[in-house]
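Structure first, then comments.
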Amino acid sequence: MRLLGELEVLLAQALEKIHAQRDTLALEQYRVELLGKKGQLTAILRSMGALSPDERPVVGQRANEVRDALTAALGERSLLLGEEELSRRLLLESIDVTMPGKVRYLGHKHPLNRIIEEITNIFLRLGFSVADGPEVETEYYNFEALNVPKDHPARDMQDSFYLTNGLVLRTQTSPVQVRSMEKMSPHCPVRIISPGKVYRRDDDATHSPMFQQVEGLAIDRGINLGHLKATLLFFAREMFGAEREIRLRPSYFPFTEPSAEVDVSCGSCNGSGCQVCKHTGWIEILGAGLVHPNVLRQSGYDPEEVSGFAFGMGVERIAMLKYRVEDLRHFFVGDMRFLRQF
Ligand code: PHE
């Protein structure tokens, strides 16, 4: 009974191989190899034709049993491998809603832009509106129209970046005063502020070749120093706190007369003197004055009819004071460790 022996060997080997299959695809290939038309069991069944009539049913019955056993084993293995594959895939593809999300850093406004917005909002509430002017400016608007003729020593106060053809990177936002007056004259009132970048040849811990200013200008009948002082006091208290005081010290600007440097009382020591205010109790925040008659005339206003005040403040300086930053260059290097604090 050679065929019976072959059947037993096939059964034993096949059961072992079925359990050795690692995935459903390989198992299916093996099933075809075993039970398919050209399969090993099929080959044995075919050769049964050569058996004698009394051998045939014995071998036939055993062959059926072997096929059933193999089919059952294949089915079991397939079920198991299928489950394993499914759970592996679920593990890879599924979304675990209990997992903590990825935090994306969105960024935020630069501290200097925040300060500019704060300054702007304070003046908007006083009825000022925002005016704009070019950073590449003509020498006329940056100097001449502001009562600084050629060869005037005041041009040395602001070491400038000159371009060709009478152009200059504006050294101050004051040219926007002139541009605004030219647009409005002879009408009143004028109330503008103008934030923007200015450029000077200056570079150290408290000076940068590019920095920002906010210019202010008010023109109307009967404007006097009292209006300037009240406006700046309101600003200082809104910006730095209700208990702040300001003081005006006589100064000189070619485009204002009289002119003043304006100090705010030190918030670190409340005016008694400390390191922040260099033991004076006061911190300088801006330059200001009443618009010079020459500037009014030059821009189309009659100084006998109207008067005005103007001021200009450094944005970085205000930001340094408000946020207690000791080196202005922190604002420009883009170090996230610094910027994320705001
Ligand atoms: N433009 C002056 C400066 O940059 C500041 C200023 C503006 C002074 C307006 C008076 C009036 O120093």
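Because the structure is a prediction, the values reported are computed rather than measured. In what follows, every heavy atom counts, from backbone to side chain, and hydrogens, waters and symmetry copies are set aside.
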Report summary line: Hits for side chain to side chain contact (heavy atoms under 4.5 Å, CB included) against Leu339, two or more places apart or cross-chain, chain-then-number order -> His110, Pro111, Met336
Requested in this report: Look up atom SG in Cys277 and atom CD1 in Ile283, then write down how far apart they are to the nearest 0.5 Å.
Outcome: 6.0 Å
Query raised in the report: Is a side-chain donor or acceptor of Ser160 paired with a backbone partner of Tyr162 at a separation under 3.5 angstrom?
Result: no
Query raised in the report: Are a donor atom and an acceptor atom from the side chains of Glu137 and Tyr199 found within less than 3.5 Å of each other?
Result: no
Query - Rounded distance [0.5 Å steps], CD in Glu305 versus OG in Ser307 - result: 10.5 Å
**Report entry** Leu290 side chain near Leu225 side chain, heavy-atom distance below 4.5 Å
**Finding:** yes
Query raised in the report: Is there a path of hydrophobic side-chain contacts, each under 4.5 Å between heavy atoms of I, L, V, M, F, W or Y residues, that connects Phe143 with Leu163?
Result: no
Query - Single hit among Phe255, Phe235, Phe123 for ring-ring contact (aromatic ring centres under 6.0 Å, His included) with Phe311 - result: Phe123
Requested in this report: Return yes if a side-chain donor-acceptor contact under 3.5 Å exists between Gln29 and Glu33, otherwise no.
Outcome: no
Query - Heavy atoms of other groups near Lys322 NZ, more than 12 under 6.0 Å - result: yes
Query raised in the report: When you look at Thr256 and His292, which way does the side chain to side chain contact (heavy atoms under 4.5 Å, CB included) test go after all the steps?
Result: CA-CA 4 Å; Thr256 46; His292 196 288; 5.7 Å; no
Query - For Pro189 against Asp220, the heavy-atom pair lying closest together - result: CB-OD2, 3.3 Å
Query raised in the report: In the single-linkage hydrophobic clustering (I, L, V, M, F, W, Y; side-chain heavy atoms under 4.5 Å), do Val325 and Phe332 co-cluster?
Result: yes
Report task. Indicate if Phe128 and Met184 have the same hydrophobic cluster label, given that clusters are the connected sets of ILVMFWY residues with side-chain heavy-atom separations under 4.5 angstrom. Result -> no
Requested in this report: Measure the CD-CD1 distance between Glu238 and Ile119 for me, rounded to the nearest 0.5 Å.
Outcome: 13.0 Å
Query raised in the report: Got more than 12 heavy atoms from elsewhere within 6.0 Å of CZ, Arg125?
Result: yes
Query - Closest contact, heavy atoms only, Ala310 versus Leu217 - result: CB-CD1, 4.2 Å
Query raised in the report: Between Thr42 and Lys38, is there a donor-acceptor pair closer than 3.5 Å when you use the side chain of the first and the backbone of the second?
Result: no
**Report entry** Heavy-atom side-chain contact between Leu90 and Leu86 under 4.5 Å
**Finding:** yes
**Report entry** Greater than 12 external heavy atoms within 6.0 Å of Asn165's CG
**Finding:** no
Query raised in the report: Is the CD atom of Gln61 crowded by more than 12 outside heavy atoms at less than 6.0 Å?
Result: no
Query raised in the report: How about Tyr141 and Pro134: do any of their side-chain heavy atoms sit closer than 4.5 Å?
Result: no
Query raised in the report: Does the distance from a Lys or Arg side-chain N to an Asp or Glu carboxylate O, for Arg317 and Glu284, drop under 4.0 Å?
Result: no
Requested in this report: Would you check if Val276 and Cys269 make a side-chain contact, meaning some heavy-atom pair closer than 4.5 Å?
Outcome: no
Requested in this report: Verify the neighbour count for atom CD of Gln275: are there more than 12 heavy atoms of other residues, nucleotides or ligands below 6.0 Å?
Outcome: no
Requested in this report: Would you check if the side chain of Arg249 reaches a backbone N or O of Glu261 as a donor-acceptor pair within less than 3.5 Å?
Outcome: no
Report task. Verify, without hydrogens or angle tests, whether Ser194 (side chain) and Ala131 (backbone) share a donor-acceptor contact under 3.5 angstrom. Result -> yes
Query - Nearest non-hydrogen partners of Leu232 and Ala288, listed with the distance - result: CD1-CB, 4.2 Å
Query - Check: Lys197 main-chain N/O paired with Arg170 side-chain donor or acceptor under 3.5 Å - result: yes
Query raised in the report: Any link between Phe240 and Met313 through a network of hydrophobic side chains (Ile, Leu, Val, Met, Phe, Trp, Tyr) touching at under 4.5 Å?
Result: yes
Query raised in the report: side chain to side chain donor-acceptor pair (under 3.5 Å) between Ser265 and Glu245: does it pass, once the steps are laid out?
Result: CA-CA 5 Å; Ser265 59; Glu245 297 295 339; over 6 Å; no
Query raised in the report: Parallel, tilted or perpendicular: which describes the rings of Phe331 and Phe342, with under 30° parallel and over 60° perpendicular?
Result: tilted
Requested in this report: For Val130 and Ile193, run side chain to side chain contact (heavy atoms under 4.5 Å, CB included): C-alpha distance rounded to whole Å, both residues' side-chain angles, the deciding distance at 0.1 Å, then the answer.
Outcome: CA-CA 5 Å; Val130 176; Ile193 54 157; 4.3 Å; yes
Report task. Please examine the side chains of Ile285 and Asp263, heavy atoms only from C-beta on, and report whether any two atoms are closer than 4.5 Å. Result -> no
Query raised in the report: Taking all non-hydrogen atoms of both residues, which atom of Leu45 and which atom of Ala63 are closest, and how far apart?
Result: CD2-CB, 3.3 Å
Query raised in the report: Can you check side chain to side chain contact (heavy atoms under 4.5 Å, CB included) on Asn147 and Glu257, steps first, answer last?
Result: CA-CA 11 Å; Asn147 207 26; Glu257 181 57 35; over 6 Å; no
Query raised in the report: Going from OG on Ser299 to CG on Leu146, what distance comes out if it is rounded to the nearest 0.5 angstrom?
Result: 8.0 Å
Query raised in the report: Is there side-chain contact between Asn121 and Glu118, with at least one heavy-atom pair below 4.5 Å?
Result: no
Query raised in the report: Any donor and acceptor pair, going by atom type alone, linking the side chain of His207 with main-chain N or O of Asp204 inside 3.5 Å?
Result: no
Query raised in the report: Does a salt bridge link Glu28 with Arg31, judged by any charged N lying under 4.0 Å from a carboxylate O?
Result: yes
Query raised in the report: Quick one: which of Ile44, Leu11, Leu15 gives a side chain to side chain contact (heavy atoms under 4.5 Å, CB included) with Val66?
Result: Leu11
Report task. Say whether, by atom type as modelled, one donor and one acceptor occur between the side chain of Asp203 and the main chain of Pro209 under 3.5 angstrom. Result -> no
Requested in this report: Check for a donor-acceptor pair, side chain of Glu316 on one end and backbone N or O of Gln212 on the other, with a separation under 3.5 Å.
Outcome: yes
Query raised in the report: Is there a chain of hydrophobic side chains (I, L, V, M, F, W, Y, each step under 4.5 Å between heavy atoms) that links Phe161 to Val136?
Result: yes
Query raised in the report: At their closest point, which heavy atom of Val59 faces which heavy atom of Leu7, and how far apart are they?
Result: O-CD1, 3.9 Å
**Report entry** Heavy-atom side-chain contact between Val214 and Ile318 under 4.5 Å
**Finding:** no
Report summary line: Heavy-atom closest pair (Tyr301 atom, Cys188 atom, distance to 0.1 Å) is CE2-SG, 4.2 Å
Query raised in the report: How about Glu85 and Thr24: does a side-chain donor come under 3.5 Å of a side-chain acceptor?
Result: yes
Query raised in the report: Can you tell me if Gln213 uses its side chain to pair, donor with acceptor, with the backbone of Gln172 under 3.5 Å?
Result: no
Report task. Measure the shortest side-chain to side-chain distance between Leu41 and Leu34 over non-hydrogen atoms and say whether it is less than 4.5 angstrom. Result -> no
Requested in this report: Among Asn224, Val262, Ile246, find the residue that satisfies the side chain to side chain contact (heavy atoms under 4.5 Å, CB included) test when tested with Lys229.
Outcome: Ile246
Query raised in the report: Just checking, Arg114 and Tyr323: is the charged tip under 6.0 Å from the six-membered ring centre and within 45° of the axis?
Result: no
Report summary line: Between the CG atom in Leu51 and the CZ atom in Arg2, the distance rounded to the nearest 0.5 Å is 8.5 Å
Query raised in the report: CD of Glu6 to CZ of Arg62: how many Å apart, nearest 0.5 Å?
Result: 14.0 Å
Query raised in the report: Can you list the steps and then say if Met181 with Gln298 is a side chain to side chain contact (heavy atoms under 4.5 Å, CB included)?
Result: CA-CA 9 Å; Met181 283 189 274; Gln298 187 84 8; over 6 Å; no
